[in-house]
Amino acid sequence: METPDTLRYTKIPLNNGSGAMPAVGFGTLIPDPAATKQATKTALEVGFRHFDCAERYRNEEAVGEAMQEVFKAAAIRREDVFVTTKLWNTNHRPERVKPAFDASRRRLKIDTVDCYLIHTPFAFRPGDEQDPRDERDQVIYDSGVTLVETWRALERLVDEGKCKSIGLSDVTLDQLREIVAAARIKPAVAQVECHPYFPQWDLLEFCRENGIVVQAGAPLGHGMDPKVLDDPVITAIAQRVHKTPAQVALAWAVQRGTAFLVTSRTASRIQENFDISSLPEDAMREIRHDITTNVRRNPVVETGVPGFIPRAR
Ligand SMILES: NC(=O)c1ccc[n+]([C@@H]2O[C@H](COP(=O)([O-])OP(=O)(O)OC[C@H]3O[C@@H](n4cnc5c(N)ncnc54)[C@H](OP(=O)(O)O)[C@@H]3O)[C@@H](O)[C@H]2O)c1
């Protein structure tokens, strides 16, 4: 009898003893709240048990409603689901961190957050305006707070018990090194752009050495040109293993040791993205060595301005 493939149920232990993260994650960066709610429900129903959210996506309420409805109707419990959310750039001042965290918990309708991330290492002018701009439409940054000071405030959230693990998002390797060196509670997670066209092997290696889980955002390359899913290496493997190109890219992400956060609004694709199976070793080698394209898609690491979230005005 054939052994069932369990890749889709992979869990990655977190370094602070606070459990494990399902490697297969659903990203909720969907601008329309009704579409967010529907996609989140579908993702839960097909088997996703890890959801990536953010106050900046302005749809945490829709994610929270979807989770509540599924928890009530189906045999899925809150404790079976891993929820990540993120502190936005305008809330980096230490006194703003806990109120922002509590507001996310309230919108998501959850008591504890499994993982809380600093969304980007850039502090913007504190306030309710998520995209503060001057008269020349330039971002107004906040030079009155350091990343380490914000990190200390996240450490206090862990101390207080409502936040199980903390980490960083959209960081460079140097910024990650700085926080690892300064931290009392080491980052458990680094969420960065990662896909076959931007594999970030050096960052992955550093994270491996330091017990940090890499969450691969945009594991399909944001669906942008040049398209990961049209790459001849990926499509040839897909044909060989009788899977779709998306399933190949997602299986590769898990087998190289990362979690991934994939987004789709389409029910059939949500199902497809969960139904991954292990790739043979030669396929893993081909993706690593035969694909030479190396392009970052999201400029957010240089500016703190998200490339894929509409401006809030
Ligand atoms: N930390 C950050 O700053 C940051 C930045 C970006 C993303 N992220 C995280 O990463 C998640 C994913 O990012 P993303 O949506 O930009 O990139 P992605 O998941 O790499 O790509 C999504 C695109 O691929 C399409 N797609 C999904 N499944 C497919 C399939 N099976 N076959 C063909 N096309 C498929 C989607 O279209 P349809 O919807 O039409 O299916 C959408 O256009 C976000 O939701 C977020 O959680 C984080």
Side-chain angles (χ1 to χ4, degrees), residues 8 21 23-32 35-36 38-40 42-43 46 48 50-60 62-63 82-89 108 115-122 130 167-172 175-176 189-200 203 214-231 234-235 238 243-253 258-276 295-310:
R8 69 198 70 175
M21 171 194 291
V24 170
F26 189 78
T28 65
L29 205 182
I30 301 174
D32 173 57
T36 304
Q38 188 51 52
T40 303
T42 305
V46 307
F48 281 89
H50 175 184
F51 290 81
D52 180 60
C53 314
E55 61 170 305
R56 182 64 180 81
Y57 300 167
R58 295 192 296 273
N59 62 1
E60 288 175 306
V63 176
F82 190 99
V83 181
T84 298
T85 194
K86 313 188 195 82
L87 177 83
W88 183 237
N89 300 354
L108 287 163
C115 182
Y116 198 49
L117 305 178
I118 300 178
H119 200 144
T120 89
F122 295 87
Q130 288 188 331
L168 297 137
S169 155
D170 295 329
V171 274
T172 61
Q175 288 159 331
L176 190 55
V189 171
Q191 181 179 129
V192 291
E193 177 180 341
C194 242
H195 45 75
Y197 280 178
F198 196 58
Q200 302 224 54
L203 187 137
V214 172
Q215 286 178 324
L220 307 180
H222 292 297
M224 287 169 73
D225 289 325
K227 284 194 169 44
V228 168
L229 301 187
D230 291 342
D231 184 276
I234 302 277
T235 54
K243 286 285 183 178
T244 66
Q247 289 168 331
V248 170
L250 298 175
W252 172 81
T258 72
F260 69 72
L261 310 164
V262 68
T263 302
S264 178
R265 280 163 249 211
T266 317
S268 57
R269 283 179 172 175
I270 296 173
Q271 176 79 61
E272 174 188 331
N273 295 341
F274 186 71
D275 290 342
I276 57 167
V295 277
R296 186 191 289 285
R297 303 294 165 81
N298 195 338
V300 63
V301 288
E302 278 126 40
T303 59
V305 179
F308 301 95
I309 313 176

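Heavy atoms only: backbone and side chains are in, while hydrogens, waters and symmetry mates are out. Whatever order the structure lists ligands and atoms in, that order sets their numbers, starting from 1.
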Out of all atoms in ligand 1, which are within 4.0 Å of some heavy atom of [X]? Include the element for each.
| X | value |
| --- | --- |
| D170 | 1 (N), 2 (C), 3 (O) |
| T28 | 45 (O), 47 (O) |
| Q191 | 1 (N), 2 (C), 4 (C), 8 (N), 9 (C), 48 (C) |
| P219 | 19 (O), 20 (O) |
| A246 | 30 (C), 31 (N), 32 (N) |
| V262 | 19 (O) |
| G221 | 20 (O) |
| T266 | 38 (P), 40 (O), 41 (O) |

**OP:** Calculate, to the nearest 0.5 Å, the distance between atoms CZ and CD belonging to R56 and Q130 respectively.
**Re:** 4.5 Å

Does ligand 1 come near enough to [X] that some N or O of the ligand is less than 3.5 Å from an N or O of the residue?
| X | value |
| --- | --- |
| N298 | no |
| L220 | yes |
| N273 | yes |

Subject >> atom 39 (O) of ligand 1: nearest protein contact (heavy atom, Å) >> reply: R265 N, 3.0 Å

Original post:
Closest non-hydrogen protein atom to atom 41 (O) of ligand 1, residue and atom name please, with distance?
Top reply: S264 OG, 2.5 Å

Evaluate the side-chain proximity of [Y] to [X]: yes if any heavy-atom separation is below 4.5 Å, no if none is.
| X | Y | answer |
| --- | --- | --- |
| L117 | Q215 | yes |
| Q175 | L168 | no |
| M21 | H50 | yes |
| R265 | Q38 | no |
| V83 | C53 | yes |
| F26 | V46 | no |
| T120 | W88 | yes |
| T84 | F51 | no |

Original post:
From atom 1 (N) of ligand 1, is the closest protein heavy-atom distance below 4.0 Å?
Top reply: yes

Using heavy atoms and a 4.0 Å limit, tell me yes or no: is [X] in contact with ligand 1?
| X | value |
| --- | --- |
| Y57 | yes |
| P306 | no |
| H119 | yes |

Original post:
Which class fits the ring pair F48 and F274: parallel under 30°, tilted 30 to 60°, perpendicular over 60°?
Top reply: tilted

Subject >> The single option from V262, T263, T42, D275 passing side-chain contact (heavy atoms from CB on, under 4.5 Å) against I270 >> reply: T42

Nearest to [atom] by heavy atom, [options]: which?
| atom | options | answer |
| --- | --- | --- |
| atom 9 (C) of ligand 1 | T36, D52, T263 | D52 |
| atom 23 (C) of ligand 1 | G223, P245, G307 | G223 |
| atom 21 (O) of ligand 1 | Q247, H222, R269, Q271 | H222 |

Original post:
Using a heavy-atom cut-off of under 4.0 Å, does the side chain or the backbone of T120 touch ligand 1, or both, or neither?
Top reply: neither

Original post:
How does S169 reach ligand 1, if at all, at less than 4.0 Å between non-hydrogen atoms: by side chain, backbone, both, or neither?
Top reply: side chain

**OP:** Let me see the working for V24 and N273 under side chain to side chain contact (heavy atoms under 4.5 Å, CB included), right down to the final yes or no.
**Re:** CA-CA 9 Å; V24 170; N273 295 341; over 6 Å; no

**OP:** Compute the centroid of each ring, for H119 and then for Y57, and state whether the two points are separated by less than 6.0 Å.
**Re:** yes

